[in-house]
Each structure stands twice: as structure tokens, then as C-alpha cells.
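Structure first, then comments.
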Amino acid sequence: MGYDEKNEIQENENWIRIGDLKALHGSRILHPTRVERIINEFIQGGPERMQMVSDFDFTITKQRTDDGGKVLSSFGIFNACKSLPDNFKAETDKLYHIYRPIEIDPHMSKDEKVKYMIEWWTKSSEVTSGFPFDQTEIDDIASKFKHALRDRTHELFEDLQRMQIPLLVFSAGLGNSVVSVLKQADIMYPNVKVVSNFLQYRDGLLDGFQQPMIHTFNKNETVLDGHEYYDLVHSRDHIIVMGDSLGDADMASGVPSSSHILKIGFLFDHVEANMEKYMNTFDIVLVDDQTMDVPRALLELIEKQKLKLKNGGSPPA
Ligand code: MG7
Ligand code: MG
């Protein structure tokens, strides 16, 4: 997609070989030559042309923690709040058991699933209405999950901030929880933008989620079209996408200019059964990798080359 033959860079003495990238050694890559080319395009293009788009649940947070503790999703954090009305938990559980199997049904087409997902988010929004709720409740629970971020998440966010690369955290979950976790982890830098579902209030009571609703299958250009975020990044045509679900791979498909998109997929559940689909969907598949080491390794190459150019071609001291 968007593979621009005309502007392809040529292999030169600075060319990086994918086999030399230690961080990629454990990964599964269907088209190594293509990935090698994209990485070299990124390095040559520099930070000014980069942007990153990442999912939140189980992409910025871990799929598996060292102590085996369960990581709550952004909706899960909200649902754990104590003051929610008695019927709330029962209602949302009921919805989850109806719609979650549809969301992941391997036999139903995306087009068919969309109407069910709209139903799910709509009903969930309706249930999340008519009672008072204080954001500090989310903050209290989210504080426990700032330690469940992937290893080296802080470093990744610092890298992006230092290199002034915008990061879009794109989540079909609950934005209030996402922002709370990122803020409490001290990584909600100015270059980080969260697009997600946020709680809406009316007359002091909850009134569902704000529009536009973001669900599993419109987490792409369909909701971002015309969004202020596109103005911010329209000249950044080199994109790293990260996600743990197959649908995450499309997150940047509507970005106005995208010469090269490199998709990194974190695979943890049912590795064997999912491997083929993940390899066909993501350029780089990481199996049970609970770190940010791979995206950081790519950014490091980009930053090193930039410093090298600044120093007139000689390697940085
Ligand atoms: N997901 C979607 N909805 C809900 C909900 O109302 N409650 C809970 N607990 N989970 C929900 O992060 C996005 C994921 O959250 C799930 C409306 C879906 O599985 C979705 O992929
Ligand atoms: Mg996810």
C-alpha cells in the first residue's frame, strides 16, 4: 500500500541490513526485503517525516505481566469503579457476552460485524447514563495500571518527544482511562494525542460517550477524516503502526499522505492458530514480546542518522 516506486531510495554504503538488527531477531517477518527497504526509507527520511499510531489496550499495556497479574482494559478500569449502579455491571457483562464473540468470530465478515459493533457501543453508551460519576474513581484504579505498561514505554515516549515525532494513541476503548493511565505514568507529552471514546456529562450526570463513537471497525480513516489530527501530521508520510489485534493494522490507512507504513503486531494468544493471519496483516510480528524494544530500535536508527548528518557525515561522538 502506498509503495512509491518512483521515489525509492537506492542502496548505498549506509544501507542497513535487516539481518544486522538485533532487536528483530526474535520476530516473524513475511517480506524481509520489503521491511528492510521501508526501514531504510525511514532512516533516510528522518524524524521530520515520521509519525506513530498505536493502539492502547494490550499494546501500550502488557499482554502478560511478570507477576501474572491481570491487566484491565480501559473499559475494564471503568467497570471496576465502586460507585457504579448495581444494574450497570450486570448490563455491561450481558452485552459483553453477546457481542464479544461476534467481534472475534473468524467466520463472519467485517461488513457484517459493523452493525453489531455499532449496537454494542450504542447500548453500552446508553447503560453509561443517568448517574453521577467522578473521574477520580477512574484515576484511583488507573494508578494501579501505570506499572502494567510494556517495558521501556517511558523510554519510547521520551524518544518520540525528544525527536518531536507525533504519537496518536487510537483506542476503541474508554479515553478517560487511557488518558488517566498515561498522565499518571507521566508520559502524556504534548506530542501525544488520544483519540478514543470519552465520557459525556449532562446536568451533572453521565450521558454516555461523546461522538463520534469509535468501535473496532471504524478505528481508521472513517472516524479520523476531517479530524484536526490529520492537519497536524499531513506532511508526515512515514508511519509506524502498532497493535495487538488484527483490526489495528488499518489504523493509518486513511492518513492523507502515507508513502510507507510499517505495521508491528504483538501476538500473544493462540500463537500457532493466529500466526498466519498476523504475518499476512503485520509487517513485523512479535511473539510474547512485552517490551517497546523493537519500535525503539527503529527510532534509534533514525536518530543516529540524523545526528550523523548534523555532524557533517561523521559518526556521532
Ligand atoms: N468493549 C467494547 N465495548 C465494551 C464495553 O462496553 N465494556 C467492556 N468491558 N468492553 C467493551 O478496547 C476496545 C475493546 O473493548 C471491548 C463497547 C471490545 O472488545 C473492544 O475491542
Ligand atoms: Mg488492543
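This structure is a prediction, so every number in the text was calculated from the model and none was measured. One-based numbering, in listed order, for ligands and for the atoms of each.
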Identity and separation of the nearest protein heavy atom to atom 16 (C) of ligand 1: Trp120 CH2, 3.8 Å

Identity and distance of the protein heavy atom lying nearest atom 6 (O) of ligand 1: Ser124 OG, 2.7 Å

Salt bridge present between Glu158 and Arg162 (N-O < 4.0 angstrom): no

Per-atom contacts of ligand 1 with Ala172, taking only distances under 4.0 Å to non-hydrogen atoms: 13 (C)

Heavy-atom protein contact below 4.0 Å for atom 4 (C) of ligand 1: yes

Any Asp57 heavy atom less than 4.0 Å to ligand 1: yes

hydrophobic_cluster_shared for Met50 and Ile60, side chain cutoff 4.5 Å: yes

Electrostatic pair Glu126:Lys123 at N-O distance under 4.0 angstrom: no

Where Ile29 and Asp283 come nearest, the two heavy atoms and their spacing: CG2-O, 3.5 Å

Ring centroid separation Phe133 to Tyr201 under 6.0 Å: no

Donor-acceptor under 3.5 Å (Thr92 side chain, Phe88 main chain): yes

Asp55: its N/O/S atom lying closest to the Mg ion (ligand 2) (atom name): OD2

Numbered atoms and elements of ligand 1 in range of Arg100, under 4.0 angstrom, heavy atoms: 19 (O)

Under 4.0 Å to a heavy atom of Gly173 - the qualifying atoms of ligand 1, by number: 12 (O), 13 (C)

Atom of Asp244 nearest the Mg ion (ligand 2) (restricted to N/O/S, atom name only): OD1

Aromatic ring proximity, centroids under 6.0 angstrom, Phe268 and Tyr278: no

Whether Asp248 has an N, O or S atom under 2.8 Å from the Mg ion (ligand 2): no

Pairing of Glu36 and Arg17 as salt bridge, 4.0 angstrom limit: yes

Atom 8 (C) of ligand 1: nearest protein contact (heavy atom, Å): Phe75 CB, 3.4 Å

Name of whichever N/O/S atom of Asp57 is nearest to the Mg ion (ligand 2): O

Residue and atom name of the nearest protein heavy atom (relative to atom 20 (C) of ligand 1), distance in Å to one decimal: Glu103 OE2, 3.3 Å

Mode of Asn79 contact toward ligand 1 - side chain, backbone, both, neither (heavy atoms, under 4.0 Å): side chain

Donor-acceptor under 3.5 Å (Ser180 side chain, Ser177 main chain): no

